[in-house]
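Protein chains get the first letters and strands the later ones, always in sequence-line order, with residue 1 at the start of each.
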There are 2 protein chains.
Amino acid sequence: MSPALTSETIEMYLKSICELETIESPVAISQLAQRQSVSSPAVIEMVKRLAAKELVTHTPYKGVALTVTGKKRAHNVLRRHRLWERFLVDVLNLPWENVHDCACRLEHATAPAVTESLAALLQHPVRCPHGNPIPDADGNLPDDEKLPLAALEIGQSATLVSVGYEETILLDYLSRRGFFPGVTLTVEDIAPYQGPLMVLIEGREQPCALGREIAGRVFVTMDSGEG
Amino acid sequence: MSPALTSETIEMYLKSICELETIESPVAISQLAQRQSVSSPAVIEMVKRLAAKELVTHTPYKGVALTVTGKKRAHNVLRRHRLWERFLVDVLNLPWENVHDCACRLEHATAPAVTESLAALLQHPVRCPHGNPIPDADGNLPDDEKLPLAALEIGQSATLVSVGYEETILLDYLSRRGFFPGVTLTVEDIAPYQGPLMVLIEGREQPCALGREIAGRVFVTMDSGEG
DNA sequence: ATATAAAATTAAGTTACCCTAATTTTAGTC
DNA sequence: GACTAAAATTAGGGTAACTTAATTTTATAT
Ligand SMILES: [Mn+2]
Ligand SMILES: [Mn+2]
Ligand SMILES: [Mn+2]
Ligand SMILES: [Mn+2]
């Protein structure tokens, strides 16, 4: 028997590689291991399988990069994931911070006909509830103008676009403090020595302290007249 | 590491055992093997795992039966399956004969919160598009009054309730000929030697020949005044 | 009661995916 | 340029779920 074309595990690796490539390319084995919560040898082994299927290229001791086919496949998973997220939030009214995990299971169990009917039902949404773009049916993913909140200087204002690197702990943390796509933020202070940013959400009284790590995962666009 | 509480494979075995139990109990290993499209040794091995988890009881050389826990678990899978089927037909407008396969994948990837929100969205439907009852959130499944079409005599009329033992080939075959829950059927003739039944769907000109095997999987209720 | 066919089970082996421990390679420091 | 810590890789092993081939048990038919 020839090995299966794909599997839930393979799809998750492809998706992770795709997401990590936006930060560094090629992607380090250790990064993938951390993201997938598995050991490095497990990653090495899987990377060999993926390379055999020509979904990634592996440069030993350097890292992994998606091939064109691999990237298409990854974008397709992302499409399913983000469409399900929209459905779960918009139609089923499930909480913004929980839908990521639900979608992460559904994404692997979705037939093409279901994906496309879902897209039609939702009227072909462009972004997931966390602000990340939804690839089109052909696998095209527009990369948008955005910069990490951590790149702002004191006094600058910006609009929250998206939460990169989605994970429930992070989404939970942000939602509790009112950080959603669309809100307007002002950096009131930046502590030295990689300390936290004091960020005010428009309409709130008190600013909120965000660590650099998190501020690097929250993406914004500068409000016009300030860029 | 203790073995996972459940898996897609385990859920499918439980569901199959549950469905087969309505025909014969305990369920024969060979029946399960056929239903799951795997070899008998594979079934034996899995049955041992299920027995270890106390989800089934296995009487060697006799067969398998669900425990109370096992049946609850099976009903829960059936609930998810049938709710997804309703969603796919009612909300996404996918074809009646295709949704079974789509739902068979989604059913294993559905968090409890998703299941219940889905049920609410659909206004707590009682039956799947193929007429089979949807267990409630507690796992209760009402067994309804119905008899196989094969049990009717010549001249008798009945209403199609459900298609048991769902499989795409069967659903495809029936949908092409107009057999859906709710239609009124009349048995016009029954061929001897296990030959086919000539069945007329109300409103049609020509009767349709259905083999005994299929007529045994189509369930009806007698129209009042004929039982 | 015995022969035989069918069903169930055991035996032995495979693949995907994971692990820990040991080793090798790379990159940064003096 | 050698020394060392971190990262990558190899070696060896495990489990879930499957396979085919061989064996045992049950059911049936004479
Ligand atoms: Mn996933
Ligand atoms: Mn998202
Ligand atoms: Mn299934
Ligand atoms: Mn159904």
Side-chain angles (χ1 to χ4, degrees), chain A residues 1-17 20-21 23-65 70 73 77 104-105 107-109, chain B residues 1-17 20-21 23-65 70 73 77 104-105 107-109:
Chain A
M1 235 9 148
S2 62
L5 191 78
T6 195
S7 70
E8 177 159 342
T9 313
I10 287 178
E11 289 192 342
M12 286 307 286
Y13 272 90
L14 292 178
K15 204 176 70 162
S16 294
I17 296 167
L20 289 166
E21 269 188 341
I23 304 168
E24 52 153 15
S25 182
V27 176
I29 299 296
S30 51
Q31 290 299 305
L32 260 175
Q34 188 175 40
R35 186 85 169 131
Q36 295 289 124
S37 303
V38 298
S39 66
S40 309
V43 173
I44 289 280
E45 197 174 274
M46 176 54 95
V47 161
K48 281 178 182 164
R49 271 196 292 272
L50 294 176
K53 289 172 190 287
E54 304 198 37
L55 296 168
V56 303
T57 53
H58 180 212
T59 316
Y61 295 102
K62 294 298 174 187
V64 194
R73 203 75 72 76
V77 183
C104 194
R105 296 179 58 191
E107 64 191 355
H108 312 291
Chain B
M1 221 37 128
S2 64
L5 191 78
T6 194
S7 70
E8 177 159 342
T9 313
I10 287 177
E11 288 192 343
M12 285 307 287
Y13 273 90
L14 292 178
K15 204 176 71 161
S16 294
I17 295 167
L20 289 166
E21 269 188 341
I23 304 169
E24 51 151 16
S25 184
V27 176
I29 299 295
S30 52
Q31 290 299 305
L32 260 175
Q34 188 175 40
R35 186 85 169 132
Q36 294 288 123
S37 302
V38 297
S39 66
S40 314
V43 174
I44 289 279
E45 198 175 271
M46 176 54 95
V47 161
K48 281 178 184 166
R49 272 196 291 273
L50 294 175
K53 290 173 190 286
E54 305 198 38
L55 296 168
V56 304
T57 53
H58 180 211
T59 315
Y61 296 101
K62 293 298 174 188
V64 194
R73 203 76 73 76
V77 182
C104 194
R105 296 180 59 192
E107 64 191 356
H108 313 290

Would you call A/R49 and A/E45 a salt bridge, taking side-chain N to carboxylate O under 4.0 Å as the test?
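Looking at A/E45 together with A/R49, the answer is yes, because their closest N to O distance falls below 4.0 Å.
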What pair of heavy atoms forms the shortest contact from B/L20 to B/R35, and how long is it?
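So the two residues come closest at CD1-CB, 4.3 Å.
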Would you please confirm or rule out a distance under 4.0 Å between OP1 or OP2 of [N] and any side-chain N or O of [X]?
X: A/H58; N: D/dT9; value: yes
X: B/Y13; N: D/dA16; value: no
X: A/S30; N: D/dA8; value: yes

Do [X] and [Y] have side chains that approach each other closer than 4.5 Å (heavy atoms only, starting at C-beta)?
X: B/I17; Y: B/L50; result: yes
X: B/I10; Y: B/K53; result: yes
X: A/Q31; Y: A/S16; result: no
X: A/P26; Y: A/H58; result: no

Which nucleotide in the list C/dA8, D/dA8, C/dC19 gets nearest to the side chain of B/A28?
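For the B/A28 side chain, the nearest candidate turns out to be C/dA8.
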Only one of B/H108, B/Q36, B/E107 passes side-chain contact (heavy atoms from CB on, under 4.5 Å) with B/K15; say which it is.
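Considering B/H108, B/Q36, B/E107, a side-chain contact (heavy atoms from CB on, under 4.5 Å) with B/K15 is found only for B/E107.
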Under the rule for side chain to side chain contact (heavy atoms under 4.5 Å, CB included), what residues qualify as partners of B/S30, not counting sequence neighbours?
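By the side chain to side chain contact (heavy atoms under 4.5 Å, CB included) rule, B/S30 matches B/A28.
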Atom pair distance, as rounded to whole Å: [atom1] in [X] and [atom2] in [N]:
X: A/Q36; N: C/dC17; atom1: CD; atom2: P; result: 11 Å
X: A/Q31; N: D/dA6; atom1: CD; atom2: P; result: 15 Å
X: A/I29; N: C/dT26; atom1: CD1; atom2: P; result: 14 Å
X: A/E24; N: D/dA7; atom1: CD; atom2: C1'; result: 12 Å
X: B/M12; N: D/dC18; atom1: CE; atom2: P; result: 11 Å
X: A/L5; N: C/dA16; atom1: CG; atom2: P; result: 13 Å
X: A/Q34; N: D/dA7; atom1: CD; atom2: P; result: 10 Å

When all nucleic acid strands are considered with a 4.0 Å heavy-atom cut-off, which category describes B/A4: base, sugar-phosphate, or nothing?
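Touches nothing.
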Within residues 39-51 of chain A, which residues have any heavy atom lying less than 4.0 Å from an atom of DNA chain C?
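When residues 39-51 of chain A is checked for heavy atoms under 4.0 Å from DNA chain C, the hits, listed by number, are A/S39, A/P41, A/A42, A/E45, A/M46, A/R49.
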Go nucleotide by nucleotide along DNA chain C from the 5' end; which of B/G63 and A/T9 gets its closest nucleotide reached first?
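Mapping each residue to its closest nucleotide by heavy atoms, the 5'-most match is B/G63.
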Pairs: protein N or O with nucleotides 25-27 of chain D N or O, under 3.5 Å:
residue : atom : partner : partner atom : Å
D/dA27  : OP1  : B/K62   : NZ           : 3.2

For a side chain to side chain contact (heavy atoms under 4.5 Å, CB included) check, start with the C-alpha distance between B/Y13 and B/V43, then their side-chain angles and the critical distance, and finish with the verdict.
CA-CA 9 Å; B/Y13 273 90; B/V43 174; 4.2 Å; yes
